[in-house]
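Whatever order the structure lists them in is the order used to number ligands and atoms, beginning at 1.
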Amino acid sequence: MRVWDTSHLFNDAQPHQPATAEHVYDPADSQANLRQIRHHFKQLQTRLILGLILGFLLPNALLSAYFHFQFTHTLKESAKLNLAAVAESQKNTIDLYLQERVVNLYNLVHSKEFSLNPTQAQMENLLTGLKRLNDGFVDIGFFDPEGVQIAYAGPFSSLLGTDYSKEPWYRKLLTENQNYLISDVYTGFRNVPHFTIAIKQVFDNRTYVMRAALDPDKFYIFLRSINQGKEVESTLINHQGVYQVVDPGHSQLPGVNDHIPPASPPVGVEEYERGGQNMLVAYAWLKEHLWALLVMQPVSVAQSGMIKTRLVLTISLIVISLVISAVIYFTIKRLVDRARRMAEKGQQLQEMLAHASKLAAIGELAAGVAHEINNPLAIIMATSGVIRDMLNPEFELDHSPEAIYKELSVIDTAANRAKGITRKLQDMGKNRVPSVAECDVNALLGEVVDRLKKVELKSKHIEMSDHLVPDLPRIFAEPEPLRQVFANILINAADAIVDRGTITIATEAKEGMIWVTIADTGKGIPPENMQQIFNPFFTTKGGGKGTGLGLSIAASIVKYLGGTIRVNSIPGAGSSFTILLPINAPARKTTKHHNK
Ligand code: ADP
C-alpha cells in the first residue's frame, strides 16, 4: 500500500508545488520566518548557557566548596598539631633542664669537698660551682635531720639557723618516697618569689637535706630562649593554674591562669579566648613535676598561612571558573550566531527557491492552460472546416440541417469545455471576502453527499457507508471551500468505481485535528501516479471528463486551513483520502477558493 501525504507538497522548499495563490512569495511571511529563526536561536543560546551553568559551574562550585571545607579542616588540624609538637619539644627541654639541676645538687652532695658540717667557705665554693653550671641558682642551704638550716651560701644569710621543719616543701620531701623535690614557686621566709630543688641524703641513719633556690625570672628567660614560632608565647602553671614563671606582659606571681588543661591526654591543644583574643593553646604536662607548659599563639596568626593559601586558592578558582565560563559563553554565542546566520541564509535561499519554483509552476500552468484550450480550439476549427466543406456543393456532402446541427453541437461541446477551464482559472484567482463560520464537518459531508446523489453518484451501483462520530468539535472555516474539498474527493471516488462498489466516509477527532476519511473500493492509484495526482491538470480520466484540477484545488484549500491530505491506495482494491483539519486553526484575513 502506498501512502501519500500532501503536506510535502506545500513545503516551500519543494520545487514542484501546485500553482496556487497560496504559494506566492510573501515578504511579511519572510519577516515572520526570520523572527522565528532568531527566537529559536535565542532560546537555544539560553538553553546552552543554562546547561553550562548547571553542567559546569554548579558541580564546580559544589566540588570547590567540598575541597575548601576539607582543606580548611586539614589546615586547622595541622596548625594545632604543629603547636602541640612545639609544646611537646619545649616540655622535653624543660624536663631535661630540671633534671640537670637535680643532678647538679646530687653531684654537690657527693663531691669530695662536701662534709656534714660544711664551712661557710665550702658552701660559697659549692654555690659558685653551681652558678657556673647554671645562673638560675640563687643560693644553697644544708639542713640537719631536724630541719634547721645549718649551712647557707647566698644573698639571704639571715636564713642561716632557720627551722624549715614546718615548711611544706621540706615536709613533702621527707614524707615522700622520692629522693628529690621540685617545689612550686613561692615567696617563703625570704619573701621573694623562687622555687626550690631539694634532695635528701641519709648518713648514719639520719636524713639530711640539701636544697637550692632558683630564680623564676631566669627560668622565664630560659623559657623564652627555647620559644619558636611567630607570636608564640610559653608559660608554666601548676595544677591549680598558678603561674610558675614571671611573664611581665601577662602574669604576675602569684597570678592564676583561669584555664587549667585536662590531666589527660598529657599533651593536647585547646582553643579559647584570652585577653579578648582567640588563642590556640597547646599544653604539655611536665614529667618531673605537676606543672603544665602552655604554648599559646593567636588563632589568626596560627592560621594566617592557611588563610592566605585559602584566599589565593579561592581567588584562583573564581578566576579560572570565570575565564572558562567566559570562553564557553563566547564560544556558544559565536557558534549560535554562526548557526543562526546560516539558518537565516538558508531561509532566504529557500524563499528564493520557492519563488523560482512558483515562477516555474506559473509557466507550467500557462503551458497546461494553452494545451487545454488549444484542444477544444482545434476541434472547433476542424469542425467549422467540416461544416464549410458540407456547404460546398463541389464535395457533394450531406448538408442537411440535421447533419450541420450535429457538427455545430461538437463545436458547442468543445467551446463549453474551453469555457469551463477558463471559468475555473478565473475562480482560482478570485479574491473573495471570507465568510468564516462555525462548521459542523459531519453536516457538511451530509449536504455534499445528498447533492452528489442526484447526479454523480446516481449512475452507478454505489453503496454509501458512513461512520461519523457524533459531537465532532466544530471548526472555524468557510463552509463552501470545505464542501468543495469533500465534493472533489467524493467525485473522484465515484469515478474510480467501475460498476459497483462502496464509498465509506468516516470522521473522528484526535490529536487536535478532525480526521475525515473518504475511502472507495475503486480501481486504486498506480504507484507511478501517486506523485502527480495533486499536480494541476494531471488527469487519467479520458474523453474530456477530467480537468486535473480537483485534487490540486482541494489540496490548496486544505493547506490554507492549516491541514493536510493523506492518501493510501492499493491498485485494484481502492483508495482512501484522509483530510486532516486543525480544530483550532488560526483565523485568516482573506481567502481564495475554487470550484471543480
Ligand atoms: P480529475 O478528477 O479531473 O482527473 P483530479 O485532480 O481530481 O482531477 O484527480 C487527478 C487524478 O487522480 C485522477 O485523474 C485520477 O487518476 C487520480 N485519482 C484521484 N482520486 C482517485 C481515486 N479515488 N481513485 C483512483 N484514482 C484517483
Side-chain angles (χ1 to χ4, degrees), residues 1-6 9-10 16-20 22 361 364-365 368-369 371-373 375-376 416-425 427-428 445 448-449 452 455-457 459-460 462-466 481-506 516-559 564-579 593-596:
M1 178 181 286
R2 291 280 309 244
V3 178
W4 191 250
D5 188 332
T6 60
L9 290 172
F10 307 107
H16 299 296
Q17 293 156 349
T20 70
E22 207 44 47
E364 217 173 272
L365 179 69
V369 170
H371 176 75
E372 288 302 307
I373 291 178
N375 274 347
N416 276 335
R417 178 162 161 66
K419 190 178 163 202
I421 290 168
T422 50
R423 203 193 68 230
K424 273 178 198 155
L425 289 172
D427 282 353
M428 273 173 89
L445 279 164
V448 174
V449 171
L452 296 182
V455 189
E456 285 85 349
L457 301 175
S459 53
K460 294 175 190 167
I462 295 173
E463 196 184 313
M464 295 298 297
S465 150
D466 57 46
L482 258 187
R483 280 196 202 98
Q484 194 64 56
V485 171
F486 300 147
N488 290 2
I489 292 173
L490 275 166
I491 292 169
N492 281 345
D495 287 346
I497 293 170
V498 182
D499 186 24
R500 54 177 64 234
T502 311
I503 296 178
T504 310
I505 305 175
V516 180
T517 305
I518 299 174
D520 61 69
T521 56
K523 57 180 190 275
I525 304 167
E528 63 274 16
N529 288 355
M530 265 297 197
Q531 299 228 20
Q532 306 182 66
I533 57 172
F534 289 96
N535 288 351
F537 300 114
F538 176 78
T539 179
T540 57
K541 298 174 191 168
K545 195 170 185 303
T547 59
L549 290 173
L551 285 183
S552 158
I553 290 169
S556 70
I557 293 172
V558 171
K559 194 247 169 166
T564 58
I565 302 178
R566 291 178 185 174
V567 188
N568 298 343
S569 184
I570 302 173
S575 311
S576 130
F577 283 71
T578 305
I579 304 134
H593 70 86
H594 331 277
N595 296 316
K596 186 163 169 122

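The closest approach between Ile525 and ligand 1 falls below 4.0 Å for a heavy atom of the residue. Within the 4.0 Å heavy-atom cutoff, Lys541 counts among the residues contacting ligand 1. The closest approach between any non-hydrogen atom of Phe534 and ligand 1 is not below 4.0 Å.
Checking Ile489, Asn492, Asn529 against atom 20 (N) of ligand 1, the nearest heavy atom belongs to Asn492. With Ala496, Pro526, Ala493, Gly522 as candidates, the residue nearest to atom 24 (N) of ligand 1 on a non-hydrogen basis is Ala496. Of the candidates Gly550, Ser576, Gly548, it is Gly548 that places a heavy atom closest to atom 1 (P) of ligand 1.
Taking CD1 from Ile518 and CG from Leu445, the interatomic distance works out to 6.0 Å, rounded to the nearest 0.5 Å. To the nearest 0.5 Å, atom CD1 of residue Ile497 and atom CG of residue Asp520 are 5.0 Å apart.
Near Gly524, the atoms of ligand 1 lying under 4.0 angstrom from a non-hydrogen atom of the residue are 25 (C). Near Ile533, with a cut-off below 4.0 Å to any heavy atom, the atoms of ligand 1 are 6 (O), 10 (C), 12 (O), 17 (C). Close approach of ligand 1 to Phe538 is summarised as follows: ligand atoms under 4.0 Å from at least one heavy atom of the residue are 8 (O), 10 (C), 11 (C).
For residues 530-540, there are no salt bridge (Lys or Arg N to Asp or Glu O under 4.0 Å) pairs, not counting sequence neighbours.
Screening Thr517, Ile533, Asn568 for a side-chain contact (heavy atoms from CB on, under 4.5 Å) involving Phe577 leaves a single residue, Ile533.
Inter-residue side-chain proximity for Val567 and Phe534 is flagged as met; some heavy-atom pair is nearer than 4.5 Å.
Inclusion of Phe577 in the set of residues having an N or O under 3.5 Å from an N or O of ligand 1 is not warranted.
The side chain to side chain contact (heavy atoms under 4.5 Å, CB included) search around Thr540 returns Asn529, Phe538, not counting sequence neighbours.
Between the side chain of Thr521 and the main chain of Thr502, a donor-acceptor pair closer than 3.5 Å is present.
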